[in-house]
Amino acid sequence: MPQQRNFHHMNKKGTSLMNIRVLATSTLVGPYIDELGLRFPELCVAPCRSSAWKAGLASAEALIVLLSEPLTEADLDLCPNLRVIGTYSVGINHLPITSCQSRGIRIVNTQGVLTDATADLALTLLLSLTRRVREGEALVRSGHWKGWAPDLLLGTGLTGKTCGILGSGPIGRAFARRVWAIGMKVIFWNREGNQKPVDFGVDIAARLPLDELLRQSDVLSLHCPLTDTTRGLLNREKLDLLPHGAFLINTARGGILDEQAVMELLHQGKIGGVGLDVYENEPDLDPQWLVAPRTVLLPHLGSATLETREAMAKLLCDGIAESLLT
Ligand code: DGY
C-alpha cells in the first residue's frame with residue numbers, strides 16, 4: 001500500500017486534492033504508485049473486484065487497472081465521478097472504449113515505452129522456434145546428448161526469407177528492423193487498409209492487401225491491436241493462404257487468430273511452428289497447446305523487463321496525475 005501522507009494541494013480549478021480518489025488494482029513496478037499516493041493521499045490499492053475495490057468505485061476519479069482486468073460499461077455506471085482510466089499496458093481492448101468516449105472519460109495507456117521490449121520478445125520467439133532452442137535445451141538437460149552430429153536438431157534459416165508483419169505501428173516497425181537485421185525481406189499489412197509503403201527506419205517496405213501478404217509470408221508476426229476489425233482476422237481460410245511450413249508469432253493479442261485452426265494446421269505440418277506470448281483466454285490455455293509440436297509458449301512477457309515496466313509505471317502515473325490536475 002502506498003504511504004498515506006497529509007498533503008493537501010489545490011488543482012487549477014481549486015478542487016482539493018484530498019477529494020481525489022485514485023483506485024488502483026495493484027502496485028506497479030518501481031516507486032511510481034507510491035509517489036502518486038504522495039500527491040493524491042486518498043489513493044487506494046485494492047484487488048480488482050474485491051469488496052474494497054467495489055466500495056471505492058463510487059468516489060473514484062481515476063482507476064488504474066492491469067490488462068488482465070476487463071472493465072465493462074456496467075462498471076462505469078458505478079463510477080459517477082470517474083475522469084480517467086489508466087491501464088498498465090499499451091493494449092486497451094479490455095476497456096469499454098466507446099462508453100469511455102461518450103462519457104468523456106480519458107484513457108491513459110503506456111504507448112511508446114514497451115516497443116523495443118515487445119519486439120525483442122517476438123524475435124526471441126521466432127529464433128527459439130526456428131533454431132529449436134526448446135528441444136536443444138531439453139536434450140542437454142536430459143543427459144541424453146551424445147555430442148555433435150551432422151543432422152542434430154536442424155532448424156530453419158531465415159536469411160532471404162519473407163516476414164509478413166500485421167500492424168505498421170511502433171512495435172511492428174521495431175520488429176521489422178530486427179528481422180531486417182537478420183536478412184529477412186519485410187512486408188506489412190495494416191488494419192486501415194492503407195497501401196502506402198512503410199518506412200521502418202532502416203528501409204522502406206511494401207504494404208500489401210492481407211491475402212497477398214499471407215501468401216508471401218514465410219514468417220507471420222502479429223503486431224496489431226485487438227479491435228473489432230482484427231478480432232478473428234486470422235481464421236482458417238486466411239491461415240490456409242500461408243506458404244507451407246510458415247512460422248507464426250503472436251505477441252499482440254490472442255483473439256486475433258483462430259487458435260483451433262492454427263493447431264490443426266500445425267499438426268498437419270502446414271504451419272512450421274508457432275510462437276505465442278498471448279492467448280485467447282489467458283491464462284487458461286487450451287490444454288492442447290501444452291502438447292502441440294513445434295511451439296514456444298510464453299506467459300505474456302512482451303513488456304516484461306525491469307526497465308520497461310518501470311517506464312510504463314512512470315508514464316501511467318504521470319498521465320493519471322496530469323488528467324486529475326487539468
Ligand atoms: C501490452 O502492454 O498491451 C502488452 O500486451 C504487454 O506485453
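Just so you know, these numbers come straight off a predicted model, no measurement behind them.
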- Item | K185 and D203 ion-paired at < 4.0 Å | no
* Taking S89 for the side chain and G91 for the main chain, is one N or O donor matched with an acceptor at less than 3.5 Å? -> yes
Is there a donor in the side chain of T162 and an acceptor in the side chain of Q216, or the other way round, less than 3.5 Å apart?
no
Short side-chain donor-acceptor distance under 3.5 Å, S303 and R309:
yes
d(F188 CZ, C224 SG) to nearest 0.5 Å is 12.0 Å
- Take Y88 and V65, measure what side chain to side chain contact (heavy atoms under 4.5 Å, CB included) needs, and give me the verdict at the end. CA-CA 6 Å; Y88 195 38; V65 296; over 6 Å; no
Minimal heavy-atom distance between R21 and C44, with the atoms involved, is NH2-CB, 4.0 Å
Report task. Using the rule that two of Ile, Leu, Val, Met, Phe, Trp, Tyr join whenever any of their side-chain heavy atoms come within less than 4.5 Å, decide whether L23 and V108 are in one cluster. Result -> no
* Verify whether one side chain among N194 and E192 offers a donor that lies under 3.5 Å from an acceptor in the other. => no
Check whether any side-chain heavy atom of V219 sits under 4.5 Å from a side-chain heavy atom of V179, and report yes or no.
no
Taking every heavy atom of L158 against every heavy atom of I182, the minimum-distance pair comes out as CD1-CD1, 3.8 Å
Are S323 and R83 linked by a side-chain donor-acceptor pair shorter than 3.5 Å?
no
Tell me whether R141 is salt-bridged to E137, with the criterion being a basic N under 4.0 Å from an acidic carboxylate O.
yes
Discussion item. Checking L220 against I249 for the side chain to side chain contact (heavy atoms under 4.5 Å, CB included) test, could you report, in this order, the C-alpha distance in whole Å, the side-chain angles of both residues, the deciding distance, and whether it holds?
Written reply: CA-CA 6 Å; L220 180 69; I249 306 296; over 6 Å; no
Note: T25 and C48 closest approach over all heavy atoms is CG2-CB, 3.5 Å
- prompt: With hydrophobic residues grouped by side-chain heavy-atom distances under 4.5 Å, do V296 and L121 end up in a single group?
  reply: yes
>> Measuring only between side-chain heavy atoms, which start at C-beta, is C163 closer than 4.5 Å to I165?
In response: yes
Handout entry: Beyond-backbone contact of L315 with D318, side-chain heavy atoms, under 4.5 angstrom
Key = no
Distance col, row L43:CG vs I64:CD1, nearest 0.5 angstrom, shows 6.0 Å
- Message: Run L257 and L248 through side chain to side chain contact (heavy atoms under 4.5 Å, CB included) and show every step you take.
- Response: CA-CA 10 Å; L257 49 81; L248 183 58; 4.0 Å; yes
Does a salt bridge link D77 with R103, judged by any charged N lying under 4.0 Å from a carboxylate O?
-> yes
Heavy-atom donor-acceptor pair, S217 side chain to L213 backbone, under 3.5 Å | yes
Worksheet entry | Test item: I92 and L95 side chains (from C-beta on) under 4.5 Å apart, heavy atoms | yes
Query - Verify same cluster id: L301, L66 (apolar side-chain graph, 4.5 Å) - result: no
Practice task
Show your reasoning for whether side chain to side chain contact (heavy atoms under 4.5 Å, CB included) applies to I85 and L82.
Solution key: CA-CA 8 Å; I85 299 176; L82 194 60; 3.8 Å; yes
So CG of D228 and CD1 of I97: to nearest 0.5 Å the spacing works out to 8.5 Å
**Study point:** D277 (side chain) donor-acceptor with G302 (main chain) under 3.5 angstrom
**Key:** yes
**OP:** Using modelled atom types only, decide if a donor and an acceptor are shared between the side chain of T124 and the backbone of D120 within a distance under 3.5 Å.
**Re:** yes
Q) Under 3.5 Å, side chain of D240 to main-chain N/O of E237, donor-acceptor pair present? A) no
So salt bridge (Lys or Arg N to Asp or Glu O under 4.0 Å) across residues 254-272, not counting sequence neighbours, yields R236-E264
Flag for E282-H300: side-chain donor and acceptor within less than 3.5 Å
yes
| message | Between R191 and T229, is there a side-chain donor-acceptor contact under 3.5 Å, judged purely by atom types and distance? | response | no
Taking every heavy atom of L125 against every heavy atom of L298, the minimum-distance pair comes out as CD2-CD1, 3.6 Å
Interatomic distance, OG@S142 vs CG@L139, rounded to 0.5 Å, equals 5.0 Å
### Query
Between L285 and L234, is there a shared hydrophobic cluster once you connect ILVMFWY residues whose side-chain heavy atoms come closer than 4.5 Å?
yes
inquiry  = For a 4.5 angstrom cut-off between non-hydrogen side-chain atoms, does W189 reach L233?
reply    = yes
By side-chain hydrogen bond (donor to acceptor under 3.5 Å, both in side chains), N93 pairs with (sequence neighbours left out) R253
Strictly distance-based, threshold 3.5 Å: is any side-chain N or O of S50 a donor or acceptor partner for the main-chain N or O of W53? yes
message: Ignoring hydrogens and geometry beyond distance, is a side-chain donor-acceptor pair present between D286 and Q288 at under 3.5 Å?
response: yes
What about I33 and V113, same hydrophobic cluster or not, with Ile/Leu/Val/Met/Phe/Trp/Tyr joined at side-chain heavy-atom distances under 4.5 Å?
yes
Q) Are the charged groups of R132 and E135 less than 4.0 angstrom apart, N to O? A) yes
- Please check if the side chain of Y279 supplies one atom and the backbone of L276 the other of a donor-acceptor pair under 3.5 Å. yes
| request: Name the orientation class of the two ring planes belonging to H223 and F175 (parallel below 30°, tilted from 30 to 60°, perpendicular beyond 60°). | output: tilted
Here the gap from R177 atom CZ to T115 atom OG1, rounded to the nearest 0.5 Å, amounts to 8.5 Å
The side chain to side chain contact (heavy atoms under 4.5 Å, CB included) partners of A149 (sequence neighbours excluded) come to D151, L152
Subject >> Flag side-chain contact, heavy atom, 4.5 Å: V186 against F200 >> reply: yes
Given E212 and R207, is the salt bridge (Lys or Arg N to Asp or Glu O under 4.0 Å) satisfied, shown in steps?
-> CA-CA 10 Å; E212 207 175 316; R207 194 168 355 213; over 6 Å; no
- Query: If only atom types and distance count, is the side chain of T110 paired as donor or acceptor with the main-chain N or O of V90 below 3.5 Å?
  - Reply: yes
Item checked: Pairwise side-chain contact, L210 with K238, heavy-atom cut-off 4.5 Å (strictly under) -> yes
Charged N to carboxylate O under 4.0 angstrom, R231 versus E280? no
Heavy-atom nearest pair, L36 first then C317, reads CD1-O, 3.6 Å
Item to check | More than 12 heavy atoms of other groups within 6.0 Å of R131 CZ | outcome: no
In this structure, CD1 of I171 is separated from OG1 of T118 (nearest 0.5 Å) by 4.5 Å
In short, D116 meets R178 closest at the heavy-atom pair OD1-NH2, 3.2 Å
- Would you please test D75 and R49 for salt bridge (Lys or Arg N to Asp or Glu O under 4.0 Å) and show each step? CA-CA 10 Å; D75 292 322; R49 314 237 162 251; 2.6 Å; yes
- Looking only at atom types and distance, does a side-chain atom of N109 sit under 3.5 Å from a main-chain N or O of T87, one as donor and one as acceptor? no
task: Would you mind reporting whether I107 and C100 have side-chain heavy atoms less than 4.5 Å apart?
output: yes
